[in-house]
Undergrad: 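Pasting a structure below so you can have a look.
Note that ligands are numbered from 1 as they come in the structure, with each ligand's atoms numbered from 1 the same way. Any value given below was found using the heavy atoms of this structure, including those in side chains, with hydrogens, waters and symmetry copies removed.
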Amino acid sequence: MRSWSVPDVPSLAEQGFGKGPRATVFDSSSQSLQASDPAVQARLYVCGITPYDATHMGHAATYLAFDLLQRVWRDRGLDVLYTQNVTDVDDPLLERANATGIDWVELAERETQLFRDDMTALQVIPPDHYIGAVEAIDLVVDLVQRLEEAGAVYKVDDDLYFDVHSDPTFGSVSGFDAEKMAEVFPERGGDPDRPGKRHPLDCLVWQAERPGEPAWDTQLGRGRPGWHIECSSMAMHYLGNSIDVQGGGSDLIFPHHEMSASEAQVATGERFAKAYVHAGMVGFEGEKMSKSKGNLVLFSKLRAAGRDPMAIRLSLLAHHYRSDWEWFDTDISGGEKRLAAWREAVGRTAGPSGEKLVNDLREALADDLDAPRALEVMDNWATDDSTEDESAPETAAIAVNALLGVKL
Ligand code: 5CA
Ligand code: ZN
């Protein structure tokens, strides 16, 4: 499907600042910081929205984290190949469509368009491939067939399940023990108690048609894809067997990223992602912000209320991507104040060293995308009234746009 407009991302190398440092990111599977510095091309897959209530501050924060990663990679001189899905057919979307009397296709299209508009306003670099699950039915069928050939898929009634233990490394993405897996699986779409399953954790890869629900005629029968295989099949098709980073919010570590990695690994025999990178959960009013709970702060509502998207971006970047944090309505004023101070500072005729600023911003972001530190670096530059460098204000505006995605 259509992606969204590409923001202007200036090149610091073209401004004479050379290449940025290599990125390190925290990999959930090894629980450690890892360099992510491929030779030429970085391949990124980030789990996209289920389009029935776009875009809350939690979504926005998660996509900003991976936007920073892209910016650090680009600044390093790497070519980035990026795929993101839209879960445009799934239980929660169909339930919402039924409850509100809106056609599920229309609901998905409307919310996906809102998400595109929000991402554009936030200056988030779009994926090269933005793919709906309904566009990827053939890819899913193909992967399920490969897994069938490997003996890793079995039938329960007319549904097809993936045998998670066919991947000897199953469990290594989340590192969860059996007890924790059993606790989390049913909370995130799993059906451990269904009779006929080989193992309670096995996951659905193909769901036979249910009355009144959308279905496609395929070699697997009439039905629709399971959730996890949507992401593994797209990542493999558009990015290759082994990718650099699989990203998303920390609510996806298990089962989603565990299952999609195992599916891909059984099919290819290769490790699916070099690093599994997860953004923390954003809360509101004491709980994780989520569509199912309805405690949402929508980006579009803040925009409609006249808030500058760059101020919203800054209020999100004030939190490190890996921390869990809570949105307070007062957060926006922090972003607005900072934006005004920075805009004023880049309007000066001279400032402290632009080269040092570029180096410090680069260092902060290359160190596990430490945006709060980068904001502090720029705050310090903006409040320092030294006039040693006449080109610094222009450099600062370019660097902040290139690395932090904030247009001053
Ligand atoms: N369509 C699936 C992924 S394949 C999905 O989880 N959709 S979603 O709309 O629920 O979430 C979209 C993205 O936002 C996911 O990466 C998810 O991990 C992230 N996310 C959801 N809620 C929050 C939150 N409260 N804070 C931070 N990130 C969140
Ligand atoms: Zn996904």
Undergrad: Distance check below 2.8 Å: does Cys47 bring an N, O or S atom to the Zn ion (ligand 2)?
TA: yes
Undergrad: With a 6.0 Å cut-off on ring centres, are His257 and His228 close enough?
TA: no
Undergrad: Heavy-atom contacts with Gly58 under 4.0 Å: which atoms of ligand 1 show up? List them by number with element.
TA: 24 (C), 26 (N), 27 (C), 28 (N), 29 (C)
Undergrad: Give me the atom names and distance for the closest heavy-atom approach of Pro309 to Leu122.
TA: O-CD2, 3.9 Å
Undergrad: Could you check whether Arg110 makes a cation-pi contact with Trp104, meaning its NZ or CZ is under 6.0 Å from the centre of the six-membered ring and within 45° of the ring axis?
TA: no
Undergrad: Could you find the nearest protein heavy atom to atom 28 (N) of ligand 1 and give me its residue, atom name and distance?
TA: Thr62 OG1, 2.8 Å
Undergrad: Measuring from non-hydrogen atoms of Ala54 to any atom of ligand 1, is the shortest distance under 4.0 Å?
TA: no
Undergrad: Look at atom 8 (S) of ligand 1 and say which protein heavy atom is nearest, naming residue and atom and giving the distance to 0.1 Å.
TA: Lys291 NZ, 3.6 Å
Undergrad: Write out the residue and atom name of the closest protein heavy atom to atom 26 (N) of ligand 1, then the distance separating them to 0.1 Å.
TA: Val282 N, 2.9 Å
Undergrad: Please report the closest heavy-atom contact between Arg343 and Asp308, naming both atoms and the distance.
TA: NH1-OD2, 3.1 Å
Undergrad: State yes or no: are the ring centers of Tyr82 and Tyr238 separated by less than 6.0 Å?
TA: no
Undergrad: Would you say ligand 1 has an N or O under 3.5 Å from any N or O of Thr87?
TA: yes
Undergrad: Can you name the closest pair of heavy atoms from Asp324 and Ser250 and give their distance?
TA: OD1-OG, 4.4 Å
Undergrad: Which pair of non-hydrogen atoms, one from Glu270 and one from Gln265, has the smallest distance, and what is that distance?
TA: O-CG, 3.0 Å
Undergrad: I need the contact type for Asn85 against ligand 1. Using non-hydrogen atoms and a strict under-4.0 Å cut-off, is it side chain, backbone, both or neither?
TA: side chain
Undergrad: Check the pair Thr87, Glu230 against side-chain hydrogen bond (donor to acceptor under 3.5 Å, both in side chains), reporting the backbone distance first and the verdict last.
TA: CA-CA 8 Å; Thr87 308; Glu230 165 190 338; 3.0 Å; yes
Undergrad: Which is closest to atom 16 (O) of ligand 1 by heavy-atom distance: Gly249, Pro51, Gly280, Ser290?
TA: Gly249
Undergrad: Taking atom 4 (S) of ligand 1 as the point of reference, which of Trp227, Phe284, Tyr45 owns the nearest heavy atom?
TA: Trp227
Undergrad: Can you list the atoms of ligand 1 that are under 4.0 Å from a heavy atom of His256?
TA: 4 (S)
Undergrad: Relative to the heavy atoms of Tyr63, which atoms of ligand 1 are at a distance of less than 4.0 Å?
TA: 12 (C), 13 (C)
Undergrad: Would you say the ring centroid of His165 lies under 6.0 angstrom from that of Phe170?
TA: yes
Undergrad: So which pairs with a foot in residues 179-188 pass side-chain hydrogen bond (donor to acceptor under 3.5 Å, both in side chains), sequence neighbours left out?
TA: none
Undergrad: Before we go on, tell me: are the rings of Tyr161 and Trp206 under 6.0 Å apart, centre to centre?
TA: no
Undergrad: Under 2.8 Å from the Zn ion (ligand 2), is there any N, O or S atom belonging to Cys231?
TA: yes
Undergrad: Quick one: does Glu230 get within less than 4.0 Å of ligand 1, heavy atoms only?
TA: no
Undergrad: Please confirm whether Gly48 comes under 4.0 Å of ligand 1, counting heavy atoms of the residue only.
TA: yes
Undergrad: Does NZ or CZ of Arg322 lie under 6.0 Å from the centre of the six-membered ring of Phe26, at an angle within 45° of the ring axis?
TA: yes
Undergrad: Counting each atom of ligand 1 from 1 as listed, which ones have a heavy atom of Ile49 under 4.0 Å away?
TA: 1 (N), 7 (N), 9 (O), 12 (C)
Undergrad: Provide, to 0.1 Å, the distance between atom 17 (C) of ligand 1 and the closest protein heavy atom, together with that atom's residue and name.
TA: Asp251 OD1, 3.6 Å
Undergrad: So, is Cys231 polar-close to ligand 1, with some N/O to N/O distance under 3.5 Å?
TA: no
Undergrad: In ligand 1, which numbered atoms sit nearer than 4.0 Å to a non-hydrogen atom of His56?
TA: 22 (N), 23 (C), 24 (C), 25 (N)
Undergrad: To the nearest 0.1 Å, how far is atom 15 (C) of ligand 1 from its closest protein heavy atom, and which atom is that?
TA: Leu252 CD1, 3.8 Å
Undergrad: Let me know which of Asp202, Leu147, Val144, Leu204 forms a side chain to side chain contact (heavy atoms under 4.5 Å, CB included) with Phe162.
TA: Leu147
Undergrad: Checking the N or O distance criterion of under 3.5 Å, is ligand 1 in contact with Gly248?
TA: no
Undergrad: Distance to 0.1 Å, residue and atom name: give those for the protein heavy atom nearest to atom 14 (O) of ligand 1.
TA: His59 CD2, 3.3 Å
